[in-house]
Amino acid sequence: MVEKYLLLTPGPLTTSESVKAAMDFDYCTWDDDYKEITQSFRQSLLDVAQVSADEYTAVPIQGSGTYGVESVISSTISDDDKLMIAINGAYGKRISEMADIYGIDHVDLVVDEREPITLEKVTEYLDKYPDISHFAMIHCETTTGILNPVEDIIPYVNAHGIVTIVDAMSSFGGVPINVKEEKIDYLISSSNKCIQGVPGFSFVIARKQVLEATRGLSRTLSLDLFDQYAEMERNHGKWRFTSPTHVVHAFYEALQELKEEGGVVARHKRYESNQKHLATGMEELGFKVLIDEKYQSPIITSFIYPNDDFDFHDFYHQLKQDGFVIYPGKISQVPTFRIGNIGEVYDEDITELLVAIKDIISK
Ligand SMILES: *Cc1c(COP(=O)(O)O)cnc(C)c1O
């Protein structure tokens, strides 16, 4: 039996007891009550995105977050299109890998992982490649915890008639995003990040007019976003293939709890205060934050190893014994580790974590 611990990772994350309890039943996948739950959470997602069902739709896709991103990349971009990908971390790179696999023509704008994507660099590329039809970027690059300024970049790109794709996997529900105002055509996130559900599916908030023009473009059967959308519309919330029924119920509960907490604004505030508490406390203990405060997200924080003797493996295992699970680093330039603060994580948890860390490093 595994000892209980608090997950300080950016999804899967620590969920509430009531979210876990919502899975304690074997549900039917095509029953009307179940379809009603799917329809209801699709509407709740549009509310979180601050858009109306006249113009936008929320389409769930079975699988982890990557499946949702791959669904958009592989089924909404044609062989005649050209995709630009802004990359400052592993998740941007992953989109580039997808484009390679599907033979989609793409240009990559690669920025140092410690720096945000800027409108200036994007503009430079758009001028250089006037035939770009689609643009993809990451909102919170979970690789480092940097928050890219989607709100500065996407409206500008979209005004050029370019279809815009935002991987907001680790930020949606935890950072306010107005999908319409920010001119996002496809936004992708998943069940196990800031909505605080359990892993099992991803979802895409799509502008209907754009999505409806993609019929027949899919290169796969199971990741066909248009087809999943069409089936849900035709059949009132029916998923095309077996859906993760337990996960869907947990997600439905998690969305209620997001509302009860006070919505995205309140959750954002809690995450932000967790992150500030964590960063300040860690700096007092001698750990330096990797990302400049100006671009630091409230989701996850990268810390630089305090010295050459620092043994992450050891540190990880000691913390786990104290009831906290953290994350290794993911960048090449500097040795780092990461601590997430999303999920059912509160100020007192951060206080306890800092006490445990202080204890470990002073041994
Ligand atoms: C978590 C995450 C993903 C998806 O990862 P999965 O392991 O497939 O769920 C994609 N992009 C970002 C920015 C993420 O944080």
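Nothing fancy with the numbering, it's 1 onward along the sequence. Both ligands and their constituent atoms are indexed starting at 1 by order of listing.
- Relative orientation of the F287 and F337 rings is perpendicular, given thresholds of 30° and 60° on the angle between their planes.
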Give the table of side-chain donor-acceptor pairs shorter than 3.5 Å for residues 135-145, with sequence neighbours excluded, one pair per line with atom names and distance.
{"residue": "H139", "atom": "ND1", "partner": "S171", "partner atom": "OG", "Å": "2.7"}
{"residue": "E141", "atom": "OE1", "partner": "T143", "partner atom": "N", "Å": "3.3"}
{"residue": "E141", "atom": "OE1", "partner": "T143", "partner atom": "OG1", "Å": "2.5"}
{"residue": "E141", "atom": "OE2", "partner": "Y91", "partner atom": "N", "Å": "3.0"}
{"residue": "E141", "atom": "OE2", "partner": "G92", "partner atom": "N", "Å": "3.0"}
{"residue": "T142", "atom": "OG1", "partner": "C140", "partner atom": "O", "Å": "3.4"}
{"residue": "T142", "atom": "OG1", "partner": "S170", "partner atom": "OG", "Å": "2.9"}
{"residue": "T143", "atom": "OG1", "partner": "A90", "partner atom": "N", "Å": "2.9"}
{"residue": "T144", "atom": "OG1", "partner": "I146", "partner atom": "N", "Å": "3.2"}

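- Residues passing the side-chain hydrogen bond (donor to acceptor under 3.5 Å, both in side chains) test with S78, sequence neighbours excluded: D81.
- Using a 4.0 Å cut-off between charged nitrogen and carboxylate oxygen, R94 and E97 do not count as a salt-bridge pair.
- Ring geometry for F312 against Y305 counts as parallel: the plane angle stays under 30°, on a 0 to 90° scale with 60° as the upper cut.
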Side-chain donor-acceptor contacts of residues 194-216 below 3.5 Å, not counting sequence neighbours, with atom names and distances?
{"residue": "Q196", "atom": "OE1", "partner": "R270", "partner atom": "NH2", "Å": "3.0"}
{"residue": "Q196", "atom": "OE1", "partner": "Y271", "partner atom": "OH", "Å": "2.6"}
{"residue": "Q196", "atom": "OE1", "partner": "G343", "partner atom": "N", "Å": "3.3"}
{"residue": "Q196", "atom": "NE2", "partner": "E344", "partner atom": "OE2", "Å": "3.1"}
{"residue": "S202", "atom": "OG", "partner": "I61", "partner atom": "O", "Å": "3.3"}
{"residue": "S202", "atom": "OG", "partner": "G68", "partner atom": "N", "Å": "3.1"}
{"residue": "R207", "atom": "NE", "partner": "D185", "partner atom": "OD1", "Å": "2.9"}
{"residue": "R207", "atom": "NH1", "partner": "Q209", "partner atom": "OE1", "Å": "3.2"}
{"residue": "R207", "atom": "NH2", "partner": "D185", "partner atom": "OD1", "Å": "3.4"}
{"residue": "K208", "atom": "NZ", "partner": "A53", "partner atom": "O", "Å": "2.7"}
{"residue": "E212", "atom": "OE2", "partner": "Y229", "partner atom": "OH", "Å": "2.6"}
{"residue": "T214", "atom": "OG1", "partner": "L211", "partner atom": "O", "Å": "2.6"}

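- Pocket lining of ligand 1, defined as residues with a non-hydrogen atom under 4.0 Å away: S64, G65, T66, Y91, R94, I138, C140, T142, D167, M169, S170, K193.
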